[in-house]
Amino acid sequence: MSFPLLTATAALPALGAVATAAVPAKQRTAAKWLALLVSLATLALAILVLVRFDPDGARYQLTESHAWIADFGVRYELGVDGIAVALLALTALLIPFIVLAGWRDADPLETGSKRWRPTQGYFALILAVEAMVIISFEATDVFLFYIFFEAMLIPMYFLIGGFGDRAHEHGEAAASTQRSYAAVKFLLYNLVGGLIMLAAVIGLYVVAGNFSLQEIAQARASGSLHMATSTERWLFLGFFFAFAVKAPLWPLHTWLPNAMQESTAPVAVLITAVVDKVGTFAMLRFCLQLFPEASKWATPAILVLALISIVYGALLAVGQRDIKRLVAYASISHFGFIIMGIFAMTSQGQSGATLYMVNHGISTAALMLVAGFLISRRGSRLIADYGGVQKVAPVLAGTFLIGGLATLSLPGLAPFVSEFLVLVGTFTRYPAIGIVATFGIVLAALYTLVLYQRTMTGPVKPEVSAMPDLRTRELVVVAPLIVLLIFLGVYPKPVTDIVNPAVKQTMSDVHKTDPKPSVEAAK
C-alpha cells in the first residue's frame with residue numbers, strides 16, 4: 001500500500017494543532033516555534049505533492065479511497081487535480097508567513113488587563129484551519145467535503161471573535177463588542193449557506209445513490225444517471241449559494257469587511273487568501289462537474305452578479321477610511337473577477353481564474369501583512385492618522401507600494417497575467433461584460449494610489465515621526481511574497497502548466513469549447 005500522502009498533508013497540521021494547544025501555558029515561545037515547524041513540515045509535504053503530480057496524467061492523482069459510512073454510500077476519498085494542487089500549495093505556502101506575522105498577536109495584553117490571550121490557542125486554531133482547508137481541496141467525496149467545508153467555520157469564529165485587532169479608536173470594550181459582532185455575522189452567513197448546501201447534498205444522494213464525485217460525474221457523462229432539468233437546477237443553486245457566501249459574491253458579501261476589519265492582519269489574510277478560495281475552487285470542482293447544464297443555465301445571472309461585485313467592491317474601496325476595510329472591499333472586487341472567469345466558460349477565463357486565486361492569495365497576503373505591521377506601530381487603522389511614512393520607514397513604504405501595485409494588477413506583477421486572461425476569456429464570449437469589467441481596473445488604480453498617497457507621502461505627522469522600519473522577522477515574512485509576485489508576474493508558466501489540463505477537463509464537463517475568432521478579426 002502506497003504512502004497516503006494526501007492524508008498526511010492534512011493530518012500533520014491537525015495533529016500539530018492538538019500538540020500546540022497542549023503546550024503548557026507558560027511556554028508561549030515553544031508553542032509558536034512548534035506551530036511554525038509544523039507549518040513548514042506541511043509545506044514540505046505540499047511540495048512533495050506538487051513534485052509527484054503529473055499534469056498530463058490522470059485527472060485525479062495520489063488518490064485514496066476507504067470505506068467510511070458504507071450504509072449511506074459515504075467514503076473517505078481523496079484526490080487532486082491541477083487546480084487543487086495549485087491551491088493546496090498556496091495554502092501550505094502562506095501559513096508559515098501567517099504564523100510568523102502573528103508572532104506577537106496573541107501574547108498577553110498589558111499588565112492589569114482583564115482579558116487573557118492564550119497564545120497556544122491562537123496558533124492551534126490557525127493550524128486547524130489549515131488542515132480543514134487542505135482536506136477540502138483534496139476531498140472527492142461530496143459528503144466528506146461538506147463536513148470540512150462547514151467545520152472550518154468553528155476555528156475561524158474563535159480567531160475572529162477571540163483574537164481581534166488591538167488597534168481600535170473607541171477602546172477595548174468597544175473593540176470586544178465589534179469583534180463579537182463580526183464573528184457572529186461571519187458564522188451565521190456561512191452556516192445559512194452550509195444548511196442550504198446540506199439540503200442539496202441530501203438531494204444529490206437521493207438522485208445518485210452515493211456521494212462519490214468521480215462516480216457521479218462518470219455516470220452523468222455516460223448517460224446512466226439522468227437528472228430532471230428542474231432537479232439539477234435546484235441542486236446546483238443549493239451548492240452555488242453556499243460557495244457564493246464563502247467566496248464572497250455580491251450580495252452575500254457583507255460579512256467579509258467586518259470580519260477582516262476586526263481580525264488581526266494574519267487572520268484577515270487567512271480569511272481572504274486561504275478560506276475564501278474554497279468557495280471559488282468548489283464552483284469549479286462541484287458546480288461545473290456535477291451540474292453542467294444547470295451551470296450553463298445560470299451563467300448569465302452569475303456573470304451579472306460577478307460584474308456587480310467587481311464594480312461595487314472597487315467603488316466602496318475608494319471611499320473607505322479604514323485600511324483593512326479597503327483591502328476587504330478590494331478583495332470582493334477581485335473575487336468578482338475570479339467568478340467571472342470561471343463562468344465565462346472559456347479556457348482563458350478559467351485558467352485566468354485559477355491563476356488569479358493563487359496570485360490574489362500572494363498579493364493580498366503581502367499588502368495586508370505589511371498593513372498589519374504599519375497598524376501595529378501606529379495603533380490605528382484609520383488612513384487619516386498616517387502621512388509621510390516613507391520618509392521615516394522607507395522599506396515598509398516600499399513593500400507596501402509593491403503590494404498595492406500588485407493589487408491594481410500592474411504589468412510585471414503576478415495578478416496582471418491572471419486578470420488579463422480573465423478579461424480576454426470573458427470578452428471572447430461576453431464582450432459587453434468584459435468591457436464593463438475593465439472599469440474595475442481603473443478603480444483599483446484609484447483606491448490603491450490614493451491609499452499610498454495619504455499614508456506614505458506628504459509631511460511627516462508627529463505620531464509617525466519615530467516609527468521604526470521593518471524588522472528582521474517582518475522582512476522574512478514580506479520579502480519572499482514580493483519575490484513571488486515578481487517571479488509569477490514575469491514567468492507564470494509553472495502554475496499555468498499545472499492548471500491548464502484540469503481546466504480543459506472542466507471545459508469538457510460542461511461541453512464547452514472556446515469561441516472561434518471571426519473572419520474579420522483574423523484578417
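If you're wondering where the values come from, they're calculated on a predicted model, not measured in any experiment.
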Next item on the list: Could you please spell out the steps behind the side-chain contact (heavy atoms from CB on, under 4.5 Å) verdict for Leu188 and Trp255?
Entry: CA-CA 9 Å; Leu188 289 178; Trp255 63 267; over 6 Å; no

Flag side-chain contact, heavy atom, 4.5 Å: [X] against [Y]:
{"X": "Leu159", "Y": "Val129", "result": "yes"}
{"X": "Thr63", "Y": "Glu77", "result": "no"}
{"X": "Leu485", "Y": "Ser363", "result": "yes"}
{"X": "Arg75", "Y": "Asn210", "result": "no"}
{"X": "Phe236", "Y": "Cys287", "result": "yes"}
{"X": "Gln320", "Y": "Tyr329", "result": "yes"}
{"X": "Val422", "Y": "Ile338", "result": "no"}
{"X": "Phe243", "Y": "Leu249", "result": "no"}

Checklist line | Steps toward ring pair (Phe, Tyr, Trp, His ring centres under 6.0 Å) verdict (Phe343, Phe240) | finding: CA-CA 12 Å; Phe343 285 90; Phe240 180 79; 5.8 Å; yes

Notebook entry, point to check: With under 30° as parallel and over 60° as perpendicular, where do the rings of Phe145 and Phe286 fit, or are they tilted in between?
Noted result: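 Taking Phe286 first and then Phe145, their aromatic rings sit tilted (interplane angle of 30° to 60°).
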
Next item on the list: Using the six-membered ring wherever Trp is involved, compare the ring planes of His334 and Tyr356 and label them parallel, tilted or perpendicular (cut-offs 30° and 60°).
Entry: tilted

Report yes or no: does [X] contribute a side-chain atom to a donor-acceptor pair with the main-chain N or O of [Y] at less than 3.5 Å?
{"X": "Gln350", "Y": "Ile342", "answer": "yes"}
{"X": "Thr364", "Y": "His360", "answer": "yes"}
{"X": "Gln61", "Y": "Ala58", "answer": "yes"}
{"X": "Ser39", "Y": "Ile95", "answer": "no"}
{"X": "Lys324", "Y": "Ser263", "answer": "yes"}
{"X": "Arg285", "Y": "Ile83", "answer": "no"}
{"X": "Ser418", "Y": "Pro415", "answer": "yes"}
{"X": "Thr272", "Y": "Ala268", "answer": "no"}
{"X": "Gln214", "Y": "Thr140", "answer": "no"}
{"X": "Glu130", "Y": "Ile126", "answer": "no"}

Residue pair [X] / [Y]: nearest heavy atoms and the distance that separates them:
{"X": "Ser409", "Y": "Glu419", "result": "OG-OE1, 3.0 Å"}
{"X": "Val477", "Y": "Ala101", "result": "CG2-N, 3.8 Å"}
{"X": "Glu232", "Y": "Glu293", "result": "OE2-N, 3.0 Å"}
{"X": "Pro248", "Y": "Asp276", "result": "CD-OD2, 3.8 Å"}
{"X": "Leu443", "Y": "Ala314", "result": "CB-CB, 3.5 Å"}
{"X": "Leu423", "Y": "Gly434", "result": "CD2-O, 3.9 Å"}

Other residues, nucleotides, ligands: >12 heavy atoms within 6.0 Å of [X] [atom1]:
{"X": "Trp234", "atom1": "CH2", "result": "no"}
{"X": "Tyr76", "atom1": "OH", "result": "yes"}
{"X": "Phe97", "atom1": "CZ", "result": "yes"}
{"X": "Tyr60", "atom1": "OH", "result": "yes"}

Is there a donor in the side chain of [X] and an acceptor in the side chain of [Y], or the other way round, less than 3.5 Å apart?
{"X": "Thr346", "Y": "Arg429", "answer": "no"}
{"X": "Thr299", "Y": "Tyr430", "answer": "no"}
{"X": "Asp141", "Y": "Ser212", "answer": "no"}

Going from [atom1] on [X] to [atom2] on [Y], what distance comes out if it is rounded to the nearest 0.5 angstrom?
{"X": "Leu6", "Y": "Leu48", "atom1": "CG", "atom2": "CG", "value": "10.0 Å"}
{"X": "Thr7", "Y": "Leu45", "atom1": "OG1", "atom2": "CG", "value": "11.5 Å"}
{"X": "Met227", "Y": "Leu290", "atom1": "CE", "atom2": "CG", "value": "6.5 Å"}
{"X": "Leu303", "Y": "Ile310", "atom1": "CG", "atom2": "CD1", "value": "9.5 Å"}

Notebook entry, point to check: Between Phe158 and Phe163, does a ring pair (Phe, Tyr, Trp, His ring centres under 6.0 Å) hold up when you go through it step by step?
Noted result: CA-CA 7 Å; Phe158 288 110; Phe163 300 93; 9.0 Å; no

Item checked: CA sep, side-chain torsions, deciding dist, call: Phe186, Tyr157, ring pair (Phe, Tyr, Trp, His ring centres under 6.0 Å) -> CA-CA 7 Å; Phe186 162 82; Tyr157 169 81; 8.0 Å; no

Next item on the list: Report the C-alpha separation of Leu90 and Ile362 in whole Å, then their side-chain angles, then the decisive distance to 0.1 Å, and conclude whether the side-chain contact (heavy atoms from CB on, under 4.5 Å) test is met.
Entry: CA-CA 8 Å; Leu90 171 70; Ile362 299 170; 4.0 Å; yes

Next item on the list: Please lay out, stage by stage, how Glu262 and Asn258 fare under the test side-chain contact (heavy atoms from CB on, under 4.5 Å).
Entry: CA-CA 6 Å; Glu262 299 303 329; Asn258 296 98; 5.5 Å; no

Item checked: All ring-ring contact (aromatic ring centres under 6.0 Å, His included) counterparts of Tyr205, not counting sequence neighbours -> Phe211

Notebook entry, point to check: Could you walk me through whether Ser333 and Tyr312 pass the side chain to side chain donor-acceptor pair (under 3.5 Å) check?
Noted result: CA-CA 7 Å; Ser333 181; Tyr312 172 86; over 6 Å; no

Note to self: Does Ser347 form a side-chain contact (heavy atoms from CB on, under 4.5 Å) with Lys504? I'd like the steps, not just the answer.
What the structure shows: CA-CA 7 Å; Ser347 57; Lys504 290 180 181 178; 5.6 Å; no

Note to self: The test is side chain to side chain donor-acceptor pair (under 3.5 Å); show your working for Thr264 and Tyr122 and say whether it passes.
What the structure shows: CA-CA 11 Å; Thr264 64; Tyr122 180 74; 3.1 Å; yes

